[in-house]
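If you're wondering where the values come from, they're calculated on a predicted model, not measured in any experiment. In what follows, chains carry the letters A, B, and so on, assigned in the order in which the sequence lines appear, proteins first and then strands, with residues in each chain numbered from 1.
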Amino acid sequence: MAARLMQGNEACVEGALAAGCRFFAGYPITPSSEIAELLSRRLPQVGGSFIQMEDEIASIAAVIGASVGGVKAMTATSGPGFSLMQENIGYAAMAEIPCVIVNVQRTGPSTGLPTKPAQGDVMQARWGTHGDHPIIVLSPSSVMETFLLTVRAFNLSEKYRSPVILLMDEVVGHMRERVELPPPESLEITNRVAAHVPPEWYFPFEDPSTDVPPLAPFGEGYRYHITGLFHDRAGFPTERVDEIDAWIARAFGRIEQHRQDIISWEEDFPAGSRVLVVAYGATARSARHAVKLARAKRYRVGFLKLETIWPFPEEITERLARQCRRVIVPEMNLGQLALEVERVVGRQKVRRVNLANGEMITPQQILAAIEEK
Amino acid sequence: MRRYEENRMYRYLRRHKKFPNVWCPGCGIGIVMGALIRAIDRLGWEKDDIAMVSGIGCSGRMPVYMDFNTMHTTHGRALAFATGLKMVKPKMHVIAIMGDGDALAIGGNHFIHAARRNIGITAIVINNSIYGMTGGQYSPTTPTGSLATTAPYGNIDQPFPICELAIAAGATFVARGTVYHAVELDRLIEKALVHEGFSVVEAVSYCHTTFGRINKLGTAVDMLRWQKENSVTREAAAKMTPEQLQGKIVRGIFHERELPEYTAAYAKIIEQAMAAQRKA
Ligand SMILES: Cc1ncc(C[n+]2csc(CCOP(=O)(O)OP(=O)(O)O)c2C)c(N)n1
Ligand code: SF4
């Protein structure tokens with residue numbers, strides 16, 4: 001495909017369409033609205049459907065409904081809308097319905113700064129809905145990565161029957177970069193596994209051959225029940241402790257046991273690095289530049305850019321951090337993913353660089369932390 | 001057992017799996033379920049083609065007993081889930097089952113917007129004038145002056161007239177029946193089901209366990225008898241004075257008109273967009 005100038009939100013749309021997304025429901029909100037606008041035009045061109053719902057609660061509900069109908073579905077929003085979606089994100093986690101939720105983060109709580117970037121929803125993306133639940137969260141740092149991670153969000157969602165959150169930010173969403181999208185045939189696309197047993201043998205929540213049971217679409221002969229209550233293997237409500245324990249073990253297990261597949265990152269870690277910079281999202285851009293500046297000054301610095309942020313990439317963080325005396329975690333928030341880094345590598349080693357006022361963290365601010373004795 | 005096998009009703013129930021049910025003995029919700037099954041049976045629809053989506057509440061528990069494609073969602077959101085499903089499966093018969101609080105308090109926004117879109121979903125609102133499942137707090141249909149566990153001094157809120165609200169919001173089929181007039185109710189539901197567009201049936205029920213007890217209205221049978229004595233058909237109501245109609249439940253079809261159904265309208269958009277794309 002020819003190279004072209006593309007906005008992050010547009011790359012998200014291209015990624016979604018390439019991944020096979022054929023349903024979008026949403027409610028306008030800056031800085032994510034371009035995603036809805038573009039999809040309202042593009043989806044019907046490929047036989048898909050778009051609907052603008054009455055609010056974000058309805059949007060995520062419609063997305064789940066569409067996914068139950070067998071169609072890859074997505075919504076996109078920003079902070080206030082993401083807050084409204086939380087209850088139904090939990091429903092998707094409980095009922096194991098694949099769907100993709102894009103949150104183009106803005107600054108602050110409440111209405112905050114609608115047109116400014118932040119990374120303040122990292123913990124909300126993990127724990128925003130009530131109760132213990134498994135979730136997958138990815139965070140892109142460039143336009144190209146937005147395209148690739150949107151495809152990956154759909155793939156992981158379908159493969160693991162889980163809601164996947166794509167945590168963008170205003171900078172990544174609105175920035176334009178020159179990109180050359182890979183040809184569609186070169187992309188690896190995962191579709192959900194079809195039910196492979198006759199309806200009378202089908203259990204939507206248990207399959208002896210896999211920890212991710214196939215999800216049969218409604219209307220195709222497999223009549224079953226879906227609920228947000230704890231349920232047995234057939235989907236019927238249960239209060240039996242053994243059945244609840246079985247759900248917990250399988251629901252968390254399917255993510256935990258496939259960490260290797262789910263977690264992706266990029267490392268630039270020359271042997272002998274003494275300082276590690278861990279970053280994600282738009283901040284990774286400043287961090288990369290800071291690392292370059294520091295190396296020019298002969299600091300031995302390694303760089304770890306996380307693409308998957310939940311489940312937290314413990315293994316790689318630990319492996320690289322072990323070789324360093326200091327780990328720097330810049331984030332456009334008051335310290336969220338840093339808590340995970342601290343948990344894994346110990347508090348003494350970690351140096352946070354935080355900004356939550358709508359400004360980007362500059363390479364110089366990160367460089368200063370690298371240079372600190 | 002043989003007699004059970006022969007009963008048409010049982011064909012639609014997950015009877016080996018899901019009974020007994022959670023409802024109090026004598027609850028009217030089961031009567032609505034019976035009416036719905038009779039309506040579907042008369043239409044001869046395939047069970048595979050029917051999706052039943054509900055919210056949370058005693059009413060919301062209905063789908064689990066029914067042998068269709070069933071989804072018990074979150075409180076108030078049944079119509080929003082149903083909208084997504086209907087968009088991608090426009091040929092399916094999508095039925096939403098909701099309580100009065102479910103449909104009109106927490107789900108009120110979804111209710112008026114589903115009506116406004118005229119999307120081909122049949123909404124059955126089981127109106128028992130109270131929050132049954134949570135134990136008798138006042139709902140948006142609790143009559144002014146009634147008692148509820150959260151209105152110990154009497155309810156000062158005005159109740160929503162469900163049918164008028166649905167009509168004003170754009171629903172294209174609107175009817176009301178009572179559980180006492182069960183056979184009439186299944187005729188109303190049948191008409192709602194075949195209607196192309198957003199159809200609403202307010203099924204007036206009762207909750208003897210909460211509303212009935214706190215307001216001293218007697219047993220389930222007493223509350224059924226009250227419905228018999230205090231409801232009139234639309235035709236009879238037309239001949240009555242406003243004073244005579246005071247406190248009466250009017251039954252029948254209140255609104256029926258043809259307007260483009262939402263998914264059919266969207267199918268045209270897909271057709272146009274795809275045709276333009278092919279040309280380009
Ligand atoms: C978001 C949310 N808020 C509150 C509840 C608690 N709750 C469960 S059912 C219900 C009300 C039920 O009343 P209604 O919808 O009228 O149905 P009924 O039980 O009377 O059939 C409430 C408030 C909930 N489940 N979810
Ligand atoms: S509490 Fe009321 S509405 Fe709920 S099952 Fe009992 S009688 Fe029916």
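Counting only heavy atoms from C-beta outward, the side chains of A:Tyr91 and B:Arg77 never approach each other to under 4.5 Å. Side-chain contact between A:His231 and B:His72 is absent, with no heavy-atom pair separated by less than 4.5 Å. In this structure, the side chains of A:Met53 and B:His110 stay at 4.5 Å or more apart for every pair of heavy atoms. Using a 4.5 Å cut-off on side-chain heavy atoms (C-beta onward), A:Tyr224 and B:Asn69 make no contact. Counting only heavy atoms from C-beta outward, the side chains of B:Val64 and A:Thr227 never approach each other to under 4.5 Å. For the pair A:Ile226 and B:Thr70, the minimum side-chain heavy-atom distance is 4.5 Å or more. Residues A:Arg42 and B:Gln277 form no side-chain contact, since every pair of their non-hydrogen atoms from C-beta on lies 4.5 Å or further apart. In this structure the side chain of A:Tyr222 never reaches within 4.5 angstrom of the side chain of B:Asp48, judged on heavy atoms.
There is no contact between B:Lys86 and chain A, counting heavy-atom distances below 4.5 Å. With a 4.5 Å cut-off on non-hydrogen atoms, B:Arg116 does not touch chain A at all. Heavy-atom distances place no part of A:Val63 under 4.5 Å from chain B, backbone and side chain included. Both the backbone and the side chain of B:Met274 come within less than 4.5 Å of a heavy atom in chain A. Using a 4.5 Å cut-off between heavy atoms, A:Pro237 touches chain B through backbone and side chain atoms alike. Proximity to chain A (any heavy atom under 4.5 Å) is restricted, for B:Arg61, to the side chain, taken from C-beta onward. Of the two parts of A:Ile60, neither the backbone nor the side chain holds a non-hydrogen atom closer than 4.5 Å to a non-hydrogen atom of chain B.
Residues A:Phe50 and B:Tyr266 place their aromatic rings such that the two centres sit no closer than 6.0 Å.
The environment of B:Arg257 atom CZ is sparse: at most 12 non-hydrogen atoms of other residues, nucleotides or ligands sit within 6.0 angstrom. A 6.0 Å sphere centred on NZ of B:Lys47 holds more than 12 heavy atoms belonging to other residues, nucleotides or ligands. Heavy atoms from other residues, nucleotides or ligands lying under 6.0 Å from CZ of B:Phe160 number 12 at most.
Salt-bridge formation is not detected for the pair A:Arg223/B:Glu46: no Lys NZ or Arg NE/NH1/NH2 atom is positioned less than 4.0 Å from an Asp or Glu carboxylate oxygen.
Closest heavy-atom contact between B:Ala80 and A:Ala58: CB-CA, 3.6 Å.
Distance check: A:Ser49 OG to B:Tyr262 OH gives 9.0 Å after rounding to the nearest 0.5 Å. To the nearest 0.5 Å, atoms CD (A:Gln45) and CZ (B:Arg278) are separated by 11.5 Å. Taking CD1 from B:Ile269 and CG from A:Leu43, the interatomic distance works out to 12.0 Å, rounded to the nearest 0.5 Å. In this structure, CD on A:Glu87 lies 4.5 Å from OG1 on B:Thr74, to the nearest 0.5 angstrom. Put simply, CZ on B:Phe68 and CZ on A:Phe218 are 12.0 Å apart, with the number rounded to the nearest 0.5 Å. In this structure, B:Thr73 OG1 and A:Asn88 CG are separated by 7.5 Å, a value rounded to the nearest 0.5 Å.
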